[in-house]
Amino acid sequence: MKAMLAAKINQALADLGYAESGGKPAFAVEEPRDPDHGHLATNAALVLSKFCGKKPADLAGQILANIDNREGYIEKMAIAGPGFLNFTLSQKWWAKALADLLAAGDDFGRGQPKGIKAMVEYVSANPTGPLHVGHGRGAAIGDALVRVMARAGFDVTPEYYINDAGRQMRLLGESVLARVRELAGSAEPFPENHYRGQYILDLAREAYGRDPGLLRRPAEETVEELTDLAQRNILEGIKADLKTFRVRHDIWFSEKTLHQGGQVDQALADMEKKGYLYWQDGALWFRSESLGDDKDRVLIKSGGEKTYFAADIAYHWNKYQRGFDLVIDIWGADHHGYVPRMKAAVEAMGRRRDDLDLLLVQLVSLVRDGQPVAMSTRAGEFVTLKEVLDEVGADAARFMFLTRGPDTTLEFDLELAKAKTKDNPVYYVQYVGARIESILKAAGHPTGPADLELLSQPEEAALVKHLTSFPELIQSAAARREPHHLTAYLTVLARLFHHYYGRHRINAEDPALAAARMALARAIRLVVRLGLELLGVESPDSM
RNA sequence: GCGCCCGUGGCUCAGCUGGAUAGAGCGCCGGACUACGAAUCCGUAGGUCGCAAGUUCGAAUCUUGCCGGGCGCGCCA
């Protein structure tokens with residue numbers, strides 16, 4: 001509806017000879033907070049007056065006189081304050097908007113295909129231990145973003161990058177080996193900086209139980225074997241957790257394949273050709289400082305070993321090779337120092353900096369019994385995503401992770417989440433769906449035509465207005481990469497409905513009015529379902 | 001020291017790229033089930049939007065500087 005009004009105002013301005021530049025209007029159509037008003041406001045005259053030197057009030061008058069209202073969508077127009085234009089939309093407009101929504105059905109809010117091939121890479125936790133709560137937040141945000149972007153019209157692919165090469169993997173194998181030695185009676189202290197989690201011990205028991213002769217073979221060979229076993233095992237666990245969490249990755253990309261396929265060398269050769277690399281002190285350096293980084297970075301160490309960054313460059317190079325126009329990475333905020341060099345690398349590949357979008361998700365600080373819980377994989381004392389899911393469920397966890405923007409730290413109190421499951425806002429939203437289903441069922445699921453202009457209550461106008469802004473919300477959430485706006489939107493929708501329900505009877509005495517209200521209820525039900533679906537939260541018909 | 005993020009009612013946080021009287025959930029207090037689900041609703045109380053300047057007709061929102069909190073600054077991964 002904002003778009004409709006904006007178009008009319010733009011047309012009026014054009015008729016008056018104020019041609020706008022570009023497609024974007026210089027003014028904003030706003031909704032006053034008070035839901036009873038049911039009107040829209042714009043500052044068009046105020047903004048435009050700056051450029052043409054006219055008094056805002058005069059300009060506002062001219063605009064109003066030139067608004068095309070042949071369809072009768074606008075009930076009232078007025079000048080308010082120092083150049084604001086207030087529009088009250090007519091019953092006819094609300095009826096049409098609601099009818100359009102119902103006609104669209106499941107396709108409501110689906111954007112036109114944008115022709116942009118996007119990848120969202122997220123979670124990508126090292127397969128050295130189970131996912132913890134912090135990964136859960138990234139998973140919820142990433143998965144919701146994928147769903148929202150797809151809905152908005154992006155061609156989007158979710159991917160998981162498996163760091164299955166490098167030192168950490170070796171450390172993992174050695175950790176298991178150390179536990180196996182313990183099981184065999186060794187009194188050696190557990191090595192420093194190795195993984196101590198319970199899962200390591202479990203893996204050691206499994207391996208040792210299956211093959212007691214393990215320790216008699218050369219250590220090198222055993223470590224490799226155990227690394228492989230541990231990594232496969234842990235990755236399976238990660239996949240299982242993500243499945244429980246309803247998080248989907250279409251592609252599981254192995255870092256190892258980059259090295260084996262020579263792609264790291266190819267990517268570096270490409271940058272070399274463009275003059276971004278040089279040798280110094282026996283190491284190969286990337287001129288990232290010339291592209292906005294603090295300093296140049298090493299890609300191949302003087303020992304000949306490639307850095308993690310080199311592999312990461314190759315990985316991104318590979319993403320663009322695969323034809324993605326837009327690459328979005330979701331990282332933990334502790335990687336923010338990595339942003340400038342990654343952007344520099346993308347530029348060195350000959351891409352625009354904006355072809356890479358980096359989302360940093362701040363920490364989740366866990367609280368149990370009022371005490372902060374440390375979350376270090378190495379120390380082995382962490383709370384896993386699985387534990388949280390078992391306690392509060394996927395719906396509550398996902399909704400909770402998505403009520404906040406990614407750039408603020410999130411405090412997740414396990415005791416509170418456990419004790420107050422029923423008070424979680426997710427139920428407030430889900431309850432709307434269940435309540436409406438119940439009403440529709442009692443009324444025999446009416447689907448016939450209705451005179452939607454009978455919906456004349458202010459609460460109804462507020463509901464329709466909110467419902468019809470859903471497509472705009474999806475576009476904005478996708479463009480800004482902020483899926484969490486959905487939770488706020490749904491909470492408001494739920495509140496509007498519950499208020500409405502408390503004041504008016506949906507199955508009204510008057511059959512015509514009842515039919516119209518049933519149609520409105522169906523629309524609310526639809527949007528609740530679609531909205532929750534985008535968050536990856538279930539919307540049960542009964543609870 | 002440098003860089004990034006955050007600072008909004010008792011608590012946890014929204015605030016849609018600068019708009020009209022700052023919003024929700026939880027918590028407190030008082031009400032509402034002989035009509036569609038009380039996992040709900042109605043009502044009351046509670047805020048100098050960290051502080052101070054600046055830009056603007058207009059700032060929680062943009063700029064700068066302080067204060068407070070978190071994180072990061074390797075030929076680590």
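Letters go in sequence order (proteins before strands), and every chain restarts at 1.
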Under a 4.0 Å heavy-atom cutoff, the residues of residues 504-519 of chain A touching RNA chain B are A:His504, A:Arg505, A:Ile506, A:Asn507
TODO: Give me the one residue out of A:Leu473, A:Leu532, A:Leu402 that meets side-chain contact (heavy atoms from CB on, under 4.5 Å) with A:Leu486.
DONE: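 Exactly one pass, corresponding to A:Leu473.
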- Query: What does A:Ala443 touch in the nucleic acid at a heavy-atom separation under 4.0 angstrom: a base, only the sugar-phosphate, or nothing?
  - Reply: nothing
Please check the phosphate of [N] (OP1 and OP2 only) for any side-chain N or O of [X] closer than 4.0 Å.
X        : N      : result
A:Tyr431 : B:rA39 : yes
A:Arg495 : B:rG25 : no
A:His485 : B:rA14 : no
A:His484 : B:rG15 : yes

Distance between the [atom1] atoms of [N] and [M], in whole angstroms?
N      : M      : atom1 : answer
B:rC26 : B:rU61 : P     : 29 Å
B:rG1  : B:rU63 : P     : 23 Å
B:rC62 : B:rC4  : P     : 15 Å
B:rG19 : B:rA59 : P     : 11 Å

Do A:Ile162 and A:Glu255 have side chains that approach each other closer than 4.5 Å (heavy atoms only, starting at C-beta)? no
Practice item. Answer whether the closest heavy-atom distance between the side chains of A:Pro483 and A:Ile141 falls below 4.5 Å. Key: yes
With syn meaning chi within 90° of zero and anything else anti, the base of B:rC36 is anti
query = Taking the chi torsion of B:rU17, is it syn (within 90° of 0) or anti (everything else)?
reply =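 Here B:rU17 takes the syn form, which means its glycosidic angle is within 90° of 0.
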Readout for nucleotides 67-77 of chain B: B = base within 4.0 Å of protein heavy atom, S = sugar-phosphate only, - = neither; 5' to 3' it is ----BS-SBSB
Comparing A:Pro406 with A:Leu360, nearest RNA chain B nucleotide closer to 5' gives the residue A:Leu360
* Could you please name the partner base of B:rG43, counting Watson-Crick and G-U wobble pairs only when both distances are under 3.5 Å? =>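 Matched B:rG43 with B:rC29 under the 3.5 Å cut-off.
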Next item on the list: Check the side chains of A:Asn163 and A:Tyr308 for a donor-acceptor pair under 3.5 angstrom, ignoring hydrogens and angles.
Entry: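 Present: a donor and an acceptor within the cut-off.
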Distance col, row A:Ile313:CD1 vs A:Asn318:CG, nearest 0.5 angstrom, shows 13.5 Å
